[in-house]
Amino acid sequence: MRNELTTWLSAHRLDLATPWADLIGGSLVPRHERYTDTGTLITTVFSVDELYDLLIEASAGDCEALTTRLQAISYNDDIHDQALNDRLNRAFEFRRCFRTLLHHKLDDPAQLLALIDEFETLFEYLLSTLTDAWAAHNAEALREREFIAESLDLASSAADQRALQLKALNDISQHLSASLDREQLLELVVTNLHRLTDVVHVAVWMPATDDPDQLLAEYVSGEDAEASRGLRVHLQDTHDLVVRAFTSSRIQFEKTPDASQQGAWYREGCGVMALPMMLHDHAIGVVTLQDPLSVQHLRFQQDLTQGVISQAAIALQNAQLYAKVRSLNVELEQRVEERTRQLQEEKDRLATINQISIEVSSTLDLDSILNTSLTLVANMCQAEHASIMLTESEDSLLVTRAVYGVPASPGNYIRFPIGSGVAGWVAQHRKGALIDDISTDERWLSVPGEPLRKRDGSMIAVPLLMQGEVLGVISISHRTSGFFHEGHLRLVHACAGPIAIGVNNANLFQMITAEAERRYELLDRQQTEASQIEAILQNLADGVIVCDLYGSVLMANEAAGTTLGRTIEDLLLWNLHDIINRYLASRSSEIPLTELLARPLDAQQQRRIFTSTAKVGMRMISMTMGPVLKEDGQLLGALLVVRDITREIEADRLKTEFIGTMSHELRTPMTAIKGFTQLLAMGGLGPLNDTQREFVNTIHSNTERMIALINDVLDITKIESGSVDLEWRSLHLVEVLSGVISEIQTAVAAREHELNISIPPGMPLVRADAYRLHQILFNLLSNAVKYTPKGGKITVEAYEARVDELPDYLRSGVTAEKRYVQVNIRDTGVGIDREDIGRIFDRFYRTENPLKIEAGGTGLGLSLVKPLVELLNGKIWVESALGQGSTFSLLLPTPSSER
């Protein structure tokens, strides 16, 4: 039957939906709100159809959704004010609408009665649910109102109590602000807290003045107040509530403290509240309240007590500041009085200093300055005796130069070594001394002739300082012990400055006078020496020209004018730059005057010397230039020496021609001997036995050596005469080295040497003469093979050179903008002594070493290599150490750098 009611309600939705929605609040509460398990609020808006669906579900037996909806109507704030009768009237109106519709739509009485009975059951459920929800909501609302009424009553009571506490706190604040006495303030705090809180015991704990690590119960009120006053607790007792409140700056409360962990101040059976007295975030004291009543009683008094304590802390600070101001006022009055006295002393001191300054500026006589200044200082300090001792730097002595209060007899002028006596101690330590009693001072030194006892009385000694130098000591004394004080010491210190200035000025005047006399004698001597130097210079056979740092000619002798074909006047008017450019023209870079003046010393700190030759008419002139340096290394200028070397050049030319002629004459028979020995060796004149063949081979090898020696001499002759013809080409080092290696391979194999060659790919070509470069590399590698013991190692490496990595002595002749290839020939041979390195490129020079006899040779190989390298615009140098081997390095330009 229930299904028929559900079907009938679904069929007549349009007629019953509106009154049903009015009944359950569809027009008033159009949404339903609920929270998920995660706390998210979900709002559901109901339409009229959805509300009607709840009725259909209830008619089918599922009433849960409808029950939730009806309860939501009863608890909804928007419709809470509607009367229950109004809601019931709507329910009966919905019932009438249902019955009226039922009578109009159904004609079958049985079906009609059945549907009415079923609907009545649903309607009764609806009415009971509405009334039950409404009753529950009203009961809850009633309970809320009763709770609000009780809360308002309690709040009113608490407000009254707070008002009373605030009035009491205001009264206490007025009393606290009216007093600046610390004792009275603490008493006010304790008595008022005891009166207002009505606890059995109140105490104020403050840090003890005699021991900051203890807290003292200064004021106590309540039971056993007299016994508790003056008790102490130590800050190391961390279990004590008073200590915990003070050190942690937090309120400490315990209902039933452990009596064994508390001090003698604790009353057994009482709860304790310890409140720190805070000022600027740190505790300055502690207030304790003890009472046996309930915990709530002490807790209730907490705010009032805290307010009183805060006011008390401010009042105590004000009292402390007031006491400090009063103390500062007293101290200020004393300081004003002291400052007035100091100003008077300062006035007198300035007057004395002014008089001394006037005396110092008015004369340069040392004795007058000393005597006048000493008298002024002694009178100002009321001294009985005074003296000024000056230093003698020659023997580090202090010598008396002026005295006061005693006759100026020789016996009163004494000498002290610096460091001895009071004056010597002051001079040594450069600080003044104030001695109250000389008889007790260990520094006092008796002078010969005095009794062997110490004088009595007081003394002041002050050094005379000028720019950190001790010029002397001024001392004053009085027979009364303790007569002088710090003011006298400051006065003497102030006067010592002008006196030191006067002494220094007098000494400078004497020094200047002596220096002027010395300089006059020195000038006269220099003029005499200059005349002698001029005479010597003018009589030199070689020409000499001297210039300053800017190249201006300072001096030239007669020989220079004769050699250069100019008068001395012309040379003196010219600049040395112009002279060099005029005579060397395009070769002026051979004597770089600007570079010499900028860097007069080489990497070994030796004077740099530049030489060249020039042709003047039919004569050849040698030009040598070097720096002019003082003993301390200061550059004064440059010196150019010119000499006529026409005869030397002519003699050298004749010698070269003679050597060349003789070499040619010698090579002709040597060639014939070589040819015939080769013919004999080949058996062209008949067979030879072994002995004959050995002799012929010996003749042939020695003939080869003679021809090589003659060729070397001829090459040297050509180089010296400038007749060497070069065929410039762009060469790869691999090409040149392959020919050299093929020639020396036999010698390398015979000595069992390890030969390594390292040439990186892509290395630049070199610009050179192929034959001459072959000759250079052959000589260097031959030497490496000859002077390396058997089983040694020879390495040839080549790479593009970096100018900044070259030795310092080579950089001056190398241009950084150009590209160069460096070749290193390194061996593990006998090496070269450092003293011999500078001579290995000389003709016929051979170093002493174990392989000298075995290697043989004439010493012409390296003397030929160096000029050949220079002809190719390259550089050669050697690095070696005895027993470790040698490294010969070549620097050759690339084709691009020669354009």
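Numbers here are sequence positions counted from 1.
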message: As an exercise, state the distance from NE2 of His201 to CG of Asp291, rounded to the nearest 0.5 Å.
response: 12.0 Å
task: Mind running side chain to side chain contact (heavy atoms under 4.5 Å, CB included) on Glu254 and Val272 for me, showing each step along the way?
output: CA-CA 6 Å; Glu254 288 195 13; Val272 178; 5.5 Å; no
- prompt: side chain to side chain contact (heavy atoms under 4.5 Å, CB included) between Val492 and Cys381: does it pass, once the steps are laid out?
  reply: CA-CA 8 Å; Val492 179; Cys381 297; 4.0 Å; yes
message: Just so I know, are the side chains of Leu235 and Leu215 near enough to count as touching, which here means a heavy-atom distance under 4.5 Å?
response: yes
task: Output yes when a side-chain donor or acceptor of His429 lies under 3.5 Å from a complementary backbone atom of Lys431, and no otherwise.
output: no
query: Can you tell me how far CE of Met459 sits from CG of Asp437, rounded to the nearest 0.5 angstrom?
result: 13.0 Å
task: Please state whether the rings of Phe483 and His478 are parallel, tilted or perpendicular, taking 30° and 60° as the class boundaries.
output: parallel
task: To the nearest 0.5 angstrom, please state how far the OG atom of Ser481 sits from the CG atom of Asp436.
output: 8.0 Å
- prompt: Out of curiosity, Ser249 OG to Ile284 CD1, how far, rounded to the nearest 0.5 Å?
  reply: 11.0 Å
message: Treating Asp240 as the side-chain partner and Gly263 as the backbone partner, does any N or O pair qualify as donor plus acceptor under 3.5 Å?
response: yes
query: Ignoring hydrogens and geometry, is there a side-chain-to-backbone donor-acceptor pair from Gln262 to Leu241 under 3.5 Å?
result: yes
statement: Result for side chain to side chain donor-acceptor pair (under 3.5 Å) between Arg335 and one of Glu331, Glu338, Glu333, Glu337 points to Glu331
message: Looking at every heavy atom in both Ala500 and Leu465, which two are closest together, and how far apart are they?
response: CB-O, 3.4 Å
message: Quick check for you: to the nearest 0.5 Å, what is the distance between Glu268 atom CD and Cys270 atom SG?
response: 9.5 Å
task: Taking all non-hydrogen atoms of both residues into account, name the closest pair between Leu289 and Leu275 and its distance.
output: CD1-CD1, 4.0 Å
statement: Of all heavy-atom pairs linking Gly432 and Trp425, the shortest is O-CZ3, 4.4 Å
- request: Please test Glu486 against Leu434 for side chain to side chain contact (heavy atoms under 4.5 Å, CB included), starting from the C-alpha separation and ending with a verdict.
  value: CA-CA 8 Å; Glu486 290 292 336; Leu434 172 60; 3.7 Å; yes
message: As a quick check of understanding, evaluate side chain to side chain contact (heavy atoms under 4.5 Å, CB included) for Thr238 and Thr247, giving each step before the final call.
response: CA-CA 9 Å; Thr238 56; Thr247 55; over 6 Å; no
message: Less than 4.5 Å apart, side chain to side chain, heavy atoms only: is that true for Pro276 and Ile251?
response: yes
- request: Tell me, yes or no, whether the heavy-atom count around Glu469 atom CD, taken from other residues, nucleotides or ligands under 6.0 Å, exceeds 12.
  value: no
query: Between Arg250 and Ala245, is there a donor-acceptor pair closer than 3.5 Å when you use the side chain of the first and the backbone of the second?
result: no
query: What heavy-atom pair brings Leu216 and Gly230 nearest, and what distance separates the two atoms?
result: CD1-O, 3.3 Å
- prompt: Taking the inter-plane angle between the rings of His485 and His488 on a 0 to 90° scale, is it parallel (under 30°), tilted (30 to 60°) or perpendicular (over 60°)?
  reply: tilted
Between CZ on residue Phe246 and NE2 on residue His282, distance to nearest 0.5 Å: 8.0 Å
message: Is the ring pair Trp205/Trp265 parallel, tilted or perpendicular, if the boundaries are 30 and 60 degrees?
response: perpendicular
- prompt: How close do Glu218 and Arg229 get, heavy atom to heavy atom, and via which atoms?
  reply: O-NE, 2.7 Å
- request: Identify the two heavy atoms, one from Leu491 and one from Met380, that lie closest to each other, and give their separation to 0.1 Å.
  value: CD2-CG, 3.1 Å
message: When you measure from the side chain of Thr288 to the backbone of Ala274, do you find a donor-acceptor pair of N or O atoms at a distance under 3.5 Å?
response: no
- prompt: Any donor-acceptor pair under 3.5 Å linking the side chain of Gln290 with the backbone of Arg267?
  reply: yes
